[in-house]
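Counting from 1, the numbers follow the sequence of the chain as shown. Predicted, not measured: the structure shown is a model, and the values here were computed from it. Because only heavy atoms are used, hydrogens play no part in the values below, and waters and symmetry mates are left out as well, while side chains stay in.
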Amino acid sequence: MSLSLSPSPARLFSLLCACTVSQIEHCIDSKMAKTRLAWLLTLLSTQCYLSVLAVVLKTNNASPWTNEFDKVELSCVIESISTINPRIEWKKITSGGPSYVYFDKKIYGDLENRAVIREPATLLITNATRSDTAKYRCEVTAAEDQKAFDEILIDLVVRVKPVVPKCSVPKSVPLGKSAELSCVEEEGFPKSQYQWFKNMEEIPDDPKTSVKFFNSSYTLSTETGTLKFISVRKEDAGEYYCRAKNDAGHTQCAPQKMEVYDIDIVGIILGVLVVVVVLLCITVGICCAYKQGYFSSQQQTGNNYKVPAKGDGVDYVRTEDEGDFRHKSSFVI
């Protein structure tokens, strides 16, 4: 094989990599300058040699994602290797440390029935769950290669759709008073963001950006899901609902009605006065009844006659005529 000087260095490199170092002189045209030959020899010694005697890995996606219960591929491509039967391992990296996912040609752990290996080294999860969100490391050991080990790290995210959020909306609020509406959802991943709607229309984060809500005095947090009114207006009455959303989807709670009512100060004062007057009348009536003797005990009558106490040494005998007594025995002096 003979090469001319016209091809580019990249073309020369690709052709020369097919040759061994001992065959270089036969591959290069004899008219090539010595400096050109030295450059090519150096390039071959550092690149061609390593590409044949080194294990090199790459991935098509270092940060894959999928929705819960879908499949996802963790790509681990062996770009260069000389060893015929390399050792391939997959490990899951969590806060508790690494654990085996694939070792000795077997799937381990909670992926045992949910994952397979696509030859030679790609890991396919067929039914991803939220617990699979983690970093995974593909490791390949090639004993016969000059560079015998390589690894790549893949960061997997399994997205979880939010569940229906728990919404709290006050049924009625006094005019001019404060009010707080809350929305909570804790199952979605990544963490849910929140939107509030009034009468089917989205409430903007900043009321000053909307003509309809310009005069409203509220603050809205998309992170915590709280909608706070500093001073409620009549126009704030309506049906409210909240939506929780993330990259996997969104859900929302049922609409709830909030009413705004006026506080009648005059009516409240009149009502208090009426109650005071009624209580005063009742108190006066009770006092008068006591004075008239309606609440005193009954006076003693003839039927409630008490027998007088006996004197010392005297017995009394009651005759047929009620109230007539005589001595039973005489006094002893």
Is the closest basic N to carboxylate O distance between [X] and [Y] below 4.0 Å?
X: Lys91; Y: Glu139; answer: yes
X: Arg130; Y: Glu68; answer: yes
X: Lys166; Y: Glu185; answer: no
X: Glu73; Y: Arg118; answer: yes
X: Asp104; Y: Arg87; answer: no

Q: For atom CD of Glu186, decide whether the heavy atoms of other residues, nucleotides or ligands shown that lie under 6.0 angstrom number more than 12.
A: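 No - once you tally the heavy atoms of other residues, nucleotides and ligands closer than 6.0 Å, there are 12 at most.
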
Q: Answer yes or no: does atom NZ of Lys71 have more than 12 heavy-atom neighbours from other residues, nucleotides or ligands under 6.0 Å?
A: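 Not buried by this count: 12 neighbours or fewer within 6.0 Å.
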
Q) When clusters are formed by joining ILVMFWY residues with side-chain heavy atoms under 4.5 Å apart, either directly or through shared neighbours, do Val260 and Phe197 land in the same one? A)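 No, it is not one cluster - the side chains of Val260 and Phe197 are not joined through contacts under 4.5 Å.
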
Q. Does Leu279 belong to the same Ile/Leu/Val/Met/Phe/Trp/Tyr cluster as Val277, with side-chain heavy atoms less than 4.5 Å apart forming each link?
A.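 As far as the 4.5 Å side-chain criterion goes, Val277 and Leu279 are not connected within one cluster.
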
Q) Do we get Arg159 above Trp65's six-membered ring, with its NZ or CZ under 6.0 Å from the centre and within 45° of the axis? A)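 Yes; both conditions hold, so Arg159 lies above the ring face of Trp65.
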
(Q) Taking the side chain as everything from C-beta on, heavy atoms only, tell me whether Leu181 gets closer than 4.5 Å to Met258. (A)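 They are in contact (side-chain heavy atoms under 4.5 Å apart), so the answer is yes.
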
Nearest 0.5 Å please: distance from the [atom1] atom of [X] over to the [atom2] atom of [Y].
X: Ile88; Y: Cys76; atom1: CD1; atom2: SG; answer: 7.5 Å
X: Gln193; Y: Thr222; atom1: CD; atom2: OG1; answer: 5.0 Å
X: Ser216; Y: Glu235; atom1: OG; atom2: CD; answer: 8.0 Å
X: Ile93; Y: Asp155; atom1: CD1; atom2: CG; answer: 11.5 Å

Q. Where do Arg243 and Thr251 land on the side-chain hydrogen bond (donor to acceptor under 3.5 Å, both in side chains) test, with the steps shown first?
A. CA-CA 6 Å; Arg243 175 180 295 171; Thr251 53; over 6 Å; no

Q.
Using ring centroids (six-membered ring only for Trp), state whether Tyr100 and Tyr108 fall under 6.0 Å.
A.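 No; Tyr100 has its ring centre 6.0 Å or more from that of Tyr108.
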
**Q.** Step-by-step salt bridge (charged side-chain N to carboxylate O under 4.0 Å, His left out) determination, Glu259 to Lys171
**A.** CA-CA 6 Å; Glu259 296 180 348; Lys171 292 183 178 180; over 6 Å; no

(Q) Could you report the tightest heavy-atom contact between Tyr218 and Asp206, atom names first, then the distance? (A)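 Between these two residues, the closest heavy atoms are OH-C, 4.1 Å.
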
Q: Can you see which heavy atom on Asp247 is nearest to which on Pro190, and at what distance?
A: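 In this case the closest contact between Asp247 and Pro190 is OD2-CG, 4.3 Å.
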
Q. Knowing that exactly one of Leu123, Thr133, Leu74 qualifies, which makes a side chain to side chain contact (heavy atoms under 4.5 Å, CB included) with Leu156?
A.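 The residue from Leu123, Thr133, Leu74 that satisfies side chain to side chain contact (heavy atoms under 4.5 Å, CB included) with Leu156 turns out to be Leu74.
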
Q.
Going by side chain to side chain contact (heavy atoms under 4.5 Å, CB included), Ile81 matches just one of Asp150, Val140, Val56. Which one?
A.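 Only match with Ile81 under side chain to side chain contact (heavy atoms under 4.5 Å, CB included): Val140.
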
Q. Does the side-chain hydrogen bond (donor to acceptor under 3.5 Å, both in side chains) test come out yes or no for Ser75 and Asn61, once each step is laid out?
A. CA-CA 6 Å; Ser75 170; Asn61 188 355; over 6 Å; no

Q. Cys242 and Cys183: disulfide bond (SG atoms under 2.5 Å apart), yes or no, with the steps?
A. CA-CA 6 Å; Cys242 170; Cys183 182; 2.1 Å; yes

